[in-house]
Amino acid sequence: MASLFHFSPIISSLFLITSCYALNQTPKPYIVYMGSPLNNSGDSAEIAELSHLRMLSSIIPSEESERISVRHSYHHAYRGFCALLTEDEATLLSGHEEVVSVFPDPVLQLHTTRSWNFLGLGSSYYSRSSSYRYNHGSSYDIIIGVIDTGIWPESPSFDDQHIGKVPSRWKGVCMEGFDFDKSNCNRKLIGARFYKIEDQESSFTKIPNITTKPSKPNGTPRDKVGHGTNTASIAAGAIVPNANYYGLANGTARGGLPSARIATYKACSEGNCQGSAILKAIDDAIKDGVDIISISIGRSFVFQTDFKDDPIAIGALHAAEKGVMVVCSGGNEGPDPYTVTNSAPWIFTVAASTIDRKFQSTIVLGNNVSLKGSGISYNPTGRSRSRTYPLAFGENIPFHPSLTSQARNCMPGSLDAKRVTGKIIVCMNDDWTISREIKKLVVQDAKAKGLILIDEAEKSSPFDSGNFPFTEVGKLAGAQILQYINSSQNPLATIFPANEIRRFKPAPVVADFSSRGPATLTENILKPDISAPGVGILSAMIPIVDEVSSNLLPEKKSSSLFGITSGTSMACPHVTGAMAFIKSIHPTWSFSMIKSAIMTTATISNNLRKHLTNTSAQACASRVIAVEASEKMAAVAAQIAKDNNILRTGSENEGSDPSNGVMEVVQGMVEELQSTQKVQPHSVDVLVSEWMGYCLLYESMLSSVLYARDQFLKPGGAVLPDMATMFVAGFGRGGTSIPFWENVYGFNMSCIGEEIVKDASRIPIVDVIDSCDIITNSTVLQNFDLVTMKLEEMDFTAKVELELKGETSANGSTGSKPNTTWCYGVVIWFDTGFTERFCKEKPTILSTSPHTPSTHWSQTILTFSEPIAMVSSRKLNVDKMAAVGTEACPAVKIQCRISVVRAAQHRSIDISMELSGIGSCGRKRNWPAQMFNL
């Protein structure tokens, strides 16, 4: 037995080696690329295939002769083939003198109206009743080849009315399939091909009645995914008035050149595109006579290879040699750098940007606060009113306590379905592995009534949730929603259907998902080349009419003929259409001339007449001036800047090199800054301030912030933070020092704690309150807009009502009745927002709330002159002769009126607090006003 165990590792190693060797010898598809044809016209299909079979027979063993066959043969613009080979056979072929490269057949992915108006090609260019503004004969002859998932020929976008005969130079075919006849082609859709790909039937697509002949092949040019239909209609769709998606984005749909012809080459099945099929499609398109090839397909940047092993790069190179333009999408893996695909220099690579249209949905919370989000949803009943439902945060309703973090992101299996049913669910979107579609399906399957998604930043691409109420908000709005849920005993919300907002500004903006350069293989060549509309684009779609999905459609409505989609896939055909438009006017222009014309006339400004912005752009300051009144803290700031090599030790005026750093530290008051000539009036681009960290101490610095804004900020400059919300809540006995003094090393010294509490009723305290000591709801005291507010608006008076959070007594209940809780004062804090007004990529909130992890920041604590007894229940037998707010007659709510005004002394404020207690019987008690100075 010992010897057996001794040799078992060797046996295992031999097994692994044998297994790996066997795996390497398993035949799989390889592409064999053999370069340009030996003659300009290329070989005939028969001669080329015979040559390829001879090559295969020389390396494939005779006992496996069934593998001596060619899946695809390339013989027009370039030479090569696709066949089943083992790794050893591929290595042997790569050494053949006629072979340039041999590589595994890759699987590529799809890069998944008003846009032409936004680009300046309005309906006046394409009026059916008026003549075209350019040469008729030329425009009718432009042929666009779309390599994608096929086409839905019945779409009105492919109607051939008002289009002349098929160009005589067209050499392509209209291949028949089991659900596609030659009659599906017309003067608009002049060609259709499909290739040997796995094409699963879509359960969501109903095929029109077509007589099927037994001799027809299993494949079909018909689109079962919708992607190819989308892209073809954007590039060259016919004019379709009153196009919309269930009432959204209503208008005239059209392609970039409505008169152009379309040839479709189906090289993709449901989501997967074989590289060998794409290479064959490009070869066929060149042979058929297309002018432009549009490809909204690519591989992930993670798997990018050398151009000689890239089927799209190979095909595009030879297309360019033949004078055929190739336009490709740049990928949807942004916003990180080095993520762009299809980056070969001879490819026109396209990024995606927004247009001046946004699909906005509105949320109304139970406290009547209205918030804006993004999303595409419609009302299935057609009624204008939407219903109100209970609101719940996924983190609070997990299936099991151990699944709290997963429930926060609404991961499959993480939510308690019973507590989800009938509610609008709030989910976070900070786990990128779970898509928005999956989150929607999770809550929808649990019979939720809607979904609110909270993201770090509101996505530039709106999510289409069909008739399921949905909206996506940024972190700022999300914090308000969560604050409302935490402070309300019965949170409610309403999600209204999406509305279309036109003339939205700024636009265009490069989409967050759009892949960024530089290219990994050619860093010295800028890629992508250009951006085009790719967010929320209305385009033709395949119908969705099966029994399952028809239940998701609006009542008494059929499937929409158009959809709203986003991706660089949508941007690519916009450039294709633009190139076709120019080619129709200048038929003799080369690919390079047309590309140059587009790039040199493309806009570099948005509709605010400012430079285009990028959702992932990061600020890079050339000069930072840090102002600190404290001499000690100014020295600390300078040392930190020096330690991080950003301290600026000289200035341009002194003749020193300013490149040694960007930060200058100035010790003094902001109001004195102008006299030092350190900063010129209205010369600052961004004003950043930290004044909110100790709440009501904000008054000592906010006036300086407003002074700096008015004196130094450029017109249109950014103020960070730009919004602030002041909150107030009541705290219990645990928020005082009394519990500490009750047991000091075994001694009861609570009398000292009571004296401290009395002193605190006259002096505001800047300290930290634990969330467990908050006993009432949290409510908004005041809102500030730092961009627009005036100095006098710093003074305010606000009134709030405080009620206990729940039925159970909070920490520190000392009454004989178990449901009595004592409120010792109020705590005030700030949430400050870096909103999308200036932080478009990642708007955020800095909070000093007791409910958030503690930092060096604190809250302001105002202690009552005497604690007030409170209860949650209104149905309580009380002593009607006793004073409200006592143990005998607790208050059910406290009305608190707080006034804050600037004092005569600079950077000093006066605070007054007036309290009223409301008993369960309706009686009211007022306490004397308390005055504080801070």
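In this text the structure is predicted, and so the values were computed from the model without any measurement.
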About how many Å separate [atom2] of [Y] and [atom1] of [X], when rounded to the nearest 0.5 Å?
X: F830; Y: I828; atom1: CZ; atom2: CD1; answer: 9.0 Å
X: L110; Y: H227; atom1: CG; atom2: NE2; answer: 4.5 Å
X: T835; Y: L786; atom1: OG1; atom2: CG; answer: 10.5 Å
X: T252; Y: N242; atom1: OG1; atom2: CG; answer: 6.5 Å
X: E333; Y: T568; atom1: CD; atom2: OG1; answer: 9.5 Å
X: T404; Y: N409; atom1: OG1; atom2: CG; answer: 12.0 Å

Residue F399 excluded, over 12 heavy atoms near CZ under 6.0 Å: no

[X] and [Y]: side-chain donor and acceptor closer than 3.5 Å?
X: Y245; Y: D464; answer: yes
X: S157; Y: S233; answer: no
X: H400; Y: S402; answer: yes
X: Q859; Y: T848; answer: no
X: T725; Y: D831; answer: no

Is the shortest heavy-atom distance from the side chain of [X] to the side chain of [Y] under 4.5 Å?
X: Y484; Y: N367; result: yes
X: I234; Y: M570; result: yes
X: P412; Y: I438; result: yes
X: N429; Y: I454; result: no
X: V787; Y: R837; result: yes
X: F468; Y: K449; result: no
X: T362; Y: S370; result: yes
X: I452; Y: I424; result: yes

Under 3.5 Å donor-acceptor, [X] side chain and [Y] backbone:
X: D223; Y: T229; value: yes
X: T341; Y: G330; value: yes
X: R408; Y: G394; value: no
X: T776; Y: L802; value: no
X: N244; Y: N250; value: no
X: D773; Y: I769; value: no
X: T421; Y: A417; value: yes
X: S155; Y: W152; value: no
X: K439; Y: S435; value: no
X: Y246; Y: S560; value: yes

Heavy-atom pair with the smallest gap, counting every atom of L248 and A498: CD2-O, 3.6 Å

Least distance between heavy atoms, M428 atom then L453 atom: O-CD1, 3.9 Å

Criterion side-chain contact (heavy atoms from CB on, under 4.5 Å) on Q480 and Q483, from CA distance to verdict: CA-CA 5 Å; Q480 295 183 59; Q483 175 76 29; 5.5 Å; no

side-chain contact (heavy atoms from CB on, under 4.5 Å) partners of S487, counting only residues at least two apart: N777, S778

E836 and K372 ion-paired at < 4.0 Å: no

Under-4.0 Å salt bridge between D455 and R436: no

D179 and K224: CA distance, side-chain angles, deciding distance, salt bridge (charged side-chain N to carboxylate O under 4.0 Å, His left out) verdict: CA-CA 11 Å; D179 58 0; K224 308 297 181 64; 3.7 Å; yes

Derivation of the side-chain contact (heavy atoms from CB on, under 4.5 Å) call for D356 and R502: CA-CA 6 Å; D356 63 340; R502 297 200 177 195; 5.9 Å; no

Geometric class of the F463/F470 ring pair [parallel <30°, tilted 30-60°, perpendicular >60°]: perpendicular

Full working for side-chain contact (heavy atoms from CB on, under 4.5 Å) between I564 and L538: CA-CA 5 Å; I564 298 172; L538 184 75; 4.1 Å; yes

side-chain contact (heavy atoms from CB on, under 4.5 Å) assessment of L561 paired with M541: CA-CA 6 Å; L561 299 174; M541 69 179 295; 6.0 Å; no

T494 and T388: CA distance, side-chain angles, deciding distance, side-chain hydrogen bond (donor to acceptor under 3.5 Å, both in side chains) verdict: CA-CA 5 Å; T494 307; T388 299; 2.5 Å; yes

